[in-house]
Amino acid sequence: MTEQKPEQSNTNDQNLDRLKNMESDDLIGKYFQTTYQPPNLKKAKKRLKKDVDIHYDYDIPEEMKGIGKGKKYLIRTYGCQMNEHDTEVMAGLLTDMGYESTSVAKEADIILLNTCAIRENAENKVFGELGHMKSLKVENPDLILGVCGCMSQEESVVNRILKKHPFVDMIFGTHNIHRLPSLVKEAMFSKAMVVEVWSKEGDIIENLPKARKGNIKAWVNIMYGCDKFCTYCIVPYTRGKERSRLPEDIIEEVRHLAANGYKEITLLGQNVNAYGKDLEFNYGLGDLMEELSKIDIPRIRFTTSHPRDFDDRLIEVLAQGGNLLDHIHLPVQSGSSDVLRIMARRYTREDYLELVRKIREAMPNATLTTDIIVGFPNETDEQFEETMTLIEEVGFESAFTFIYSPRDGTPAAKWEDNIPMDVKKERLQRLNKLVNAQSKEAMDAYVGEVVDVLVEGESKKDPDVLSGHTERNKLVNFKAPKSLIGQIVPVKIHTAKTWSLDGDLVTDTVEV
Ligand code: SAH
Ligand code: SF4
Ligand code: F3S
């Protein structure tokens, strides 16, 4: 759906005047027709499993090919790997239109903010950035400024942008990414604010172009959306229902990446363990991983796992090792069965511990990492202590920890957020202390060990130092010739830091 601004000016001066006058709320009704239908969160919950179409015929409209020649784009990405990968797709689309990338905002002809809605602070960052963008737009009224990603799926956000940031040229949702060339065209030629947010989840569009970041590691989507509806979480609304890509399409993409020299792929999904549930034949993540393990690519990871759907078949396949890495990110969220119940996680503390036991039995060296939320409504001190004891019991190598943030439209947001902020902060602090101590212990254990490192490039801090990750995803820095970039090499660790390891290349086994 497109919102026409009634005054369509083609000269920079007129645009400038229009922008300068866009402070007042009164203008909204005049500048935007009221045909815009916001995303509907109620409808999102009533979705049907089937009726997803897969499209293989994607192409850039003829008139948009080459339209970006001599122009530049910048995409700022917030949020998870899914968003990082969506950015690669949008970059691919813009590249096919002739645009080149830039990291300098002032040079850009198109700026996209690919947003995240998971917590309030993620959203605040974007609104802050939008504030800065206004001056860029005043300097260069031809700049096309777009907001996309998960925040655009929220009706409150779209309304706020319409009201407070009317200089934005386009807002489009997570199901509208493939429409980018057409949306740019509309924004470019009509000088209209383009708002296109489908609350119906997207179909699956195969063969979209991708401008991948780097040529060593790659993301591969295996499914989209989430049907779990954890009571605190916005993702099922912003990303739509679970839709699995067909195994043959995924396998072909991974083969193609392997043939192009990629060394590591990460399979992506909000809940990868639900892979295949919506397919019309009996096929799951374990089956997919088994097929992928036969492809000649050194490393395959996957994220994120949901404990509820983590089945024995997957454990059995992972235990075969090879190129399937046994680093499992297994968000637990809380150590209290009562809290887990009201979070609608659909497993208990005992179920989780039993799963960990099974994983460790099959893969004694498996690395487990997790996500935790503290200060969920009604979380008592005792329940929080259960989280602390679970962390100790499992011995996670690292954890992402969050203070609960109410998200509009989710069930939990309607409950009283009755834990005072200072209590939440104190719980987070205690939790982080424990998690950091465990991480340190895990890092210290590497000193003196030789680890295999996939060399990804120069270290950010020192161009004479190379850096890369181990199979267990630990960052390692070491001195070595740049010719090793892209290879997997042995490194002997001599120093453990909080977030990284320093080591020396083991030269007798590597040709340098
Ligand atoms: N699909 C993944 C995680 C997606 S979001 C899973 O189910 O595990 C990443 C993490 O953000 C979650 O694991 C959770 O710990 C955290 N999170 C999600 N919603 C949140 C909220 N409303 N407040 C605080 N943290 C939240
Ligand atoms: Fe959110 Fe739960 Fe789905 Fe993860 S499984 S994305 S936490 S609803
Ligand atoms: Fe954020 Fe959307 Fe990912 S809400 S965490 S960018 S799925």
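Just so you know, these numbers come straight off a predicted model, no measurement behind them. One-based numbering, in listed order, for ligands and for the atoms of each.
Shown in contact with K228 at under 4.0 Å from a heavy atom are these atoms of ligand 2, numbered in order with element: 3 (Fe), 5 (S). Taking a cut-off of under 4.0 Å to the non-hydrogen atoms of F229, the atoms of ligand 2 that pass are 8 (S).
Rounded to the nearest 0.5 angstrom, K263 NZ and N323 CG are separated by 13.5 Å. Rounding to the nearest 0.5 Å places CD of E290 at 11.0 Å from CG of L314.
A 4.5 Å side-chain heavy-atom check between I328 and L318 finds at least one atom pair inside the cut-off.
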Derivation of the side chain to side chain donor-acceptor pair (under 3.5 Å) call for T401 and N432: CA-CA 7 Å; T401 56; N432 284 346; 2.6 Å; yes
Given side chain to side chain contact (heavy atoms under 4.5 Å, CB included), test E471 with H327 step by step and report yes or no. CA-CA 8 Å; E471 291 189 353; H327 169 204; over 6 Å; no
Can you list the steps and then say if L113 with Y78 is a side chain to side chain contact (heavy atoms under 4.5 Å, CB included)? CA-CA 8 Å; L113 303 184; Y78 305 80; 4.2 Å; yes
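Counting heavy atoms closer than 4.0 Å to ligand 2, residue V235 contributes side-chain atoms (C-beta onward) but none from N, CA, C or O.
Every residue two or more places apart in sequence or in another chain was checked for a ring-ring contact (aromatic ring centres under 6.0 Å, His included) with F402, and none qualifies. Every residue meeting the ring-ring contact (aromatic ring centres under 6.0 Å, His included) condition with H329, not counting sequence neighbours, appears here in chain and number order: F400.
The count of protein N, O or S atoms under 2.8 Å from atom 2 (Fe) of ligand 3 stands at 1, with waters excluded from the count.
Note on ring orientation: taking the six-membered ring where Trp is involved, the planes of Y404 and F376 are perpendicular (angle over 60°, cut-offs 30° and 60°). Note on ring orientation: taking the six-membered ring where Trp is involved, the planes of Y99 and Y73 are perpendicular (angle over 60°, cut-offs 30° and 60°).
Although no hydrogens or angles enter the test, the distance criterion places no donor-acceptor pair under 3.5 Å between the side chain of R345 and the main chain of H306.
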Present, as a list of atom pairs with distances to 0.1 Å, all nitrogen or oxygen contacts under 3.5 Å between ligand 1 and the protein.
{"from": "ligand 1", "atom 1": "1 (N)", "to": "Q270", "atom 2": "O", "distance (Å)": "2.5"}
{"from": "ligand 1", "atom 1": "1 (N)", "to": "Q270", "atom 2": "OE1", "distance (Å)": "3.0"}
{"from": "ligand 1", "atom 1": "11 (O)", "to": "R119", "atom 2": "NH1", "distance (Å)": "3.1"}
{"from": "ligand 1", "atom 1": "13 (O)", "to": "Q333", "atom 2": "NE2", "distance (Å)": "2.8"}
{"from": "ligand 1", "atom 1": "13 (O)", "to": "D371", "atom 2": "OD2", "distance (Å)": "2.6"}
{"from": "ligand 1", "atom 1": "15 (O)", "to": "Q333", "atom 2": "OE1", "distance (Å)": "2.7"}
{"from": "ligand 1", "atom 1": "17 (N)", "to": "R119", "atom 2": "NH1", "distance (Å)": "3.4"}
{"from": "ligand 1", "atom 1": "22 (N)", "to": "Y232", "atom 2": "O", "distance (Å)": "3.1"}
{"from": "ligand 1", "atom 1": "22 (N)", "to": "S405", "atom 2": "O", "distance (Å)": "2.8"}
{"from": "ligand 1", "atom 1": "23 (N)", "to": "S405", "atom 2": "N", "distance (Å)": "3.0"}
{"from": "ligand 1", "atom 1": "25 (N)", "to": "R119", "atom 2": "NH1", "distance (Å)": "3.3"}

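At least one heavy atom of R345 sits less than 4.0 Å from an atom of ligand 2.
Heavy-atom proximity to atom 2 (Fe) of ligand 2, evaluated over C230, P307, G269, P236, is greatest for C230.
Close placement of the Y237 and F229 rings is indicated, their centers lying within 6.0 Å of each other.
The closest protein non-hydrogen atom to atom 7 (S) of ligand 3 is Q270 NE2, 3.2 Å.
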